[in-house]
Every structure is written in structure tokens, then in C-alpha cells.
Asker: 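Pasting a structure below so you can have a look.
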Amino acid sequence: QVQLQESGPGLVKPSETLSLTCTVSGGSISNYFWSWIRQSPGKGLEWIGYIYYSGSTNSNPSLKSRVSISVDTSKNQFSLRLSSVTAADTAVYYCARYTPMTLGNFDFWGQGTLVTVSS
Amino acid sequence: DIQMTQSPSSLSASVGDRVTIACRASQSITSNLNWYQQKPGKAPNLLIYGASSLQSGVPPRFSGSGSGTDFTLTISSLQPEDFASYYCQQNYDTPWTFGQGTKVEIK
């Protein structure tokens, strides 16, 4: 069974960079897309972006200029960096596996990690 | 961006009731529609993919239908463990987008 686990600081100061890592266990990171999704009371579920195991990426235009997603296949990990954060970036951040088979869906998720942006 | 609109935003129902949740896309998304269940403090869990296919391990009381712009999630006989929030999500085009959610509460 594939498992995902987010890790990173739970508190980030405004204007700084949010950094999270997702560790994948129970399966290979190869041949799948790996996504970041966040959930805040004000905006519901919002897809942030994905990275393919080969390194190609795609991100939400609403965040594109601030988002960087990277992958380390040797560690079975992928990471999110979101720059210039504000209070609006306070949310629960999830990592998830996107399987392109069967028309595509998020079939495995991490438990989520709350990130609060505050000074 | 493709907008996903769910209705109702919340509903109250009793154990054993048949429950239907609607999801409408702002443009045709063919069958590229997934449904997720989320319980408080937990991550969303995939129920239905490709508009009507049941994810492995999901009870058959859950079903999905629709194509194009209009979709439906049906719970044939509501069970106590089904009280949760439900979200539709399109993956027809990026940015992938979610509906705002439907909260199913106990009557």
C-alpha cells in the first residue's frame, strides 16, 4: 500500500518561503504524477501543481510565479516551495499521487500538514 | 479555469436515505470527473473516478453518473459512516479544480 507523508515547518513568516517535503513509501515514485493540494476555509480545495517523476512540472496559474516543485527519486521524495507567502497561504497542505490511468485521479493522499503564515 | 459547482452545499439525511449530490462544470469535461469523500481532520478519499467507476474497496452503495457538464453522486442507502463532506474534481484540463463541497449531516 502506497503511503505519503508531508513534513516541514508549521509556521512561516509573511514574505518568507514555505517549504514542504512529501515522502513516498510502499511504492516507487516512478511512472506517476505527484501533486500538492491545499485546503483553506476560504478557498476550499485548491490544486497547486504536480511533478512527473522525470521532472516535468505543471502548476496552477494563480500561484505559478511563486511555486517550485522538485523531485528526488533516489529518496522517493518530492518537495514544494512557495515564495512570498501571505496570510492567504495559511492552509492544510496535502501531497497526493495522481494516477493518469483510468482518466486520472488522486488515488493516494498524505494526511495533510497545517501551515500557518504569521509573524 | 473550469469552474465546478456542487449542489446542495449541505444536506440533512437519515440512515437508510437515498442521497443525491449534483456537480456541474462550466464547460464540457466529458467523463473526466472524480468524487472524493472527506471526514473531519482527514485527507479526501477517492470514491468514484471517470464519472462512474467505483474505486477499489468503496462500498457499492456509492455510484456516479453523468458526462459533459452534469454529474451526480448517489448514495443508495446512507450509512452512519457516510456522514462527511463530498467533493467533485475535474481533470479534463489544468488547472485541475474541485467543487466547493457538499456536507452530509445527520437529520
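Only a predicted model underlies this, so the values are computations on that prediction, with no experimental measurement involved. Here is the naming used below: chain letters follow the sequence lines, and residue numbers restart at 1 for every chain.
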Asker: Can you tell me if CZ on R24(B) sees more than 12 non-hydrogen neighbours from other groups inside 6.0 Å?
Answerer: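 No, not enclosed.
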Asker: Quick one, Y36(B) and N105(A) - any side-chain contact, counting heavy atoms below 4.5 Å?
Answerer: yes
Asker: For the residue pair Y98(A) and N91(B), confirm or rule out a side-chain donor-acceptor distance under 3.5 Å.
Answerer: yes
Asker: At what distance, to the nearest 0.5 angstrom, does CZ of F106(A) lie from CZ of F98(B)?
Answerer: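 With rounding to 0.5 Å, CZ (F106(A)) is 5.0 Å from CZ (F98(B)).
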Asker: Do W47(A) and T94(B) have side-chain heavy atoms sitting under 4.5 Å apart?
Answerer: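 They are in contact (side-chain heavy atoms under 4.5 Å apart), so the answer is yes.
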Asker: Measure distances from Y92(B) to the heavy atoms of chain A and classify the residue's part below 4.5 Å as side chain, backbone, both or neither.
Answerer: neither
Asker: Using non-hydrogen atoms and a limit below 4.5 Å, what part of residues 63-87 of chain B faces chain A?
Answerer: Y87(B)
Asker: Work out which heavy atom in Y94(A) is nearest to a heavy atom in Q38(B); give both atom names and the distance.
Answerer: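 Closest pair (atom of Y94(A), atom of Q38(B), distance): OH-NE2, 3.2 Å.
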Asker: Answer with side chain, backbone, both or neither: which region of S31(B) has an atom nearer than 4.5 Å to a non-hydrogen atom of chain A?
Answerer: both
Asker: Indicate if L11(A) and Y93(A) have the same hydrophobic cluster label, given that clusters are the connected sets of ILVMFWY residues with side-chain heavy-atom separations under 4.5 angstrom.
Answerer: no
Asker: Is V117(A) linked to V67(A) within one hydrophobic cluster, defined over Ile, Leu, Val, Met, Phe, Trp and Tyr using a side-chain heavy-atom separation of less than 4.5 Å?
Answerer: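 They do share one cluster, since a chain of ILVMFWY contacts under 4.5 Å joins V117(A) to V67(A).
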Asker: Examine I21(B) and V58(B) and state if one hydrophobic cluster contains both, with Ile, Leu, Val, Met, Phe, Trp and Tyr joined whenever side-chain heavy atoms are less than 4.5 Å apart.
Answerer: yes
Asker: Counting only non-hydrogen atoms closer than 4.5 Å, does Q100(B) touch chain A with its backbone (N, CA, C, O), its side chain (CB onward), both, or neither?
Answerer: neither
Asker: Measuring from atom CG of L103(A) to atom CG of N34(B), what distance do you get when rounded to the nearest 0.5 angstrom?
Answerer: 8.0 Å
Asker: Report which part of N58(A) has an atom under 4.5 Å of a heavy atom belonging to chain B: side chain, backbone, both, or neither.
Answerer: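 Contact with chain B involves the side chain of N58(A) alone.
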Asker: Any pair with a residue in residues 17-107 of chain B that passes disulfide bond (SG atoms under 2.5 Å apart), sequence neighbours left out, goes on the list, sorted by first then second residue, please.
Answerer: C23(B)-C88(B)
Asker: Can you tell which part of S35(A) gets under 4.5 Å to a heavy atom of chain B, answering side chain, backbone, both or neither?
Answerer: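 Only the side chain of S35(A) comes within 4.5 Å of chain B.
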Asker: If you group Ile, Leu, Val, Met, Phe, Trp and Tyr by side-chain heavy-atom gaps below 4.5 Å, do M4(B) and W96(B) land in one group?
Answerer: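 No; W96(B) is not reachable from M4(B) via cluster members.
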Asker: Heavy-atom distances under 4.5 Å only: say whether I37(A) touches chain B with side chain, backbone, both or neither.
Answerer: side chain
Asker: In terms of hydrophobic clustering (I, L, V, M, F, W, Y; side-chain heavy atoms under 4.5 Å; direct or indirect links), are V24(A) and F108(A) co-clustered?
Answerer: yes
